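Since the structure comes first, as C-alpha cells, the remarks are kept for the end.
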Amino acid sequence: MLRWTITFIIIALIAGVLGFSGIAGASAGIARILFFLFIVLVVLSLIKGGFKKS
C-alpha cells in the first residue's frame, strides 16, 4: 500500500514538472487516499495484534 502511495506521489511530481496539472492533481489525490488507507490499516493491525497477545 505504501509503495503505491509513493508511486502516485512520484507520478504527481513528474506530471507537475512537465505541466500536466490535471494528471498531477489526480495522482496527488489518489496518493492522499492511499496514504490514509495505509495509516488506518496499520492502526487496525496494531490494535488486532495487541488484543491477540493478551
Side-chain angles (χ1 to χ4, degrees):
M1 186 76 58
L2 192 56
R3 185 177 298 156
W4 280 102
T5 302
I6 293 170
T7 302
F8 277 107
I9 288 174
I10 292 171
I11 291 172
L13 289 173
I14 292 171
V17 168
L18 295 176
F20 299 110
S21 60
I23 295 172
S27 294
I30 292 170
R32 184 178 307 141
I33 291 169
L34 288 175
F35 178 72
F36 287 124
L37 184 61
F38 170 75
I39 294 296
V40 167
L41 290 175
V42 166
V43 169
L44 290 175
S45 175
L46 289 174
I47 291 171
K48 184 178 179 183
F51 287 136
K52 186 181 271 189
K53 292 181 181 178
S54 296

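The structure displayed is predicted, hence computed values, not measured ones.
- A pairwise comparison of heavy atoms in Gly16 and Ala24 identifies N-CB, 3.7 Å as the closest pair.
- Summarising the geometry, atom CZ belonging to Phe8 is positioned 4.5 Å from atom CD1 belonging to Ile30; distances are rounded to the nearest 0.5 Å.
- With hydrophobic clusters built from ILVMFWY side chains whose heavy atoms lie under 4.5 angstrom apart, Leu46 shares a cluster with Leu37.
- Here the straight-line distance linking atom OG1 of Thr5 with atom CZ of Phe35 works out to 7.5 Å at 0.5 Å rounding.
- Val40 and Trp4 are assigned to two separate hydrophobic clusters, defined by single-linkage of ILVMFWY side chains at heavy-atom distances under 4.5 Å.
- Note: Leu34 CG to Leu41 CG = 10.5 Å, rounded to the nearest 0.5 Å.
- Under a 3.5 Å cut-off, the side chain of Thr7 and the backbone N or O of Arg3 do form a donor-acceptor pair.
- Hydrophobic clustering (side-chain heavy atoms under 4.5 Å, transitive across Ile, Leu, Val, Met, Phe, Trp, Tyr) keeps Leu44 apart from Phe36.
- Connectivity analysis of hydrophobic side chains (ILVMFWY, heavy atoms under 4.5 Å, direct or indirect) links Val17 to nothing; its cluster partners are none.
- With rounding to the nearest 0.5 angstrom, the CD1 atom of Ile11 is 13.0 Å from the CZ atom of Phe20.
- Of all heavy-atom pairs between Ala12 and Ala28, the closest is CB-N, 3.8 Å.
- Put simply, OG on Ser27 and CG on Leu13 are 9.5 Å apart, with the number rounded to the nearest 0.5 Å.
- Ile6 and Ile33 fall into different hydrophobic clusters, where Ile, Leu, Val, Met, Phe, Trp and Tyr side chains are chained together by heavy-atom contacts under 4.5 Å.
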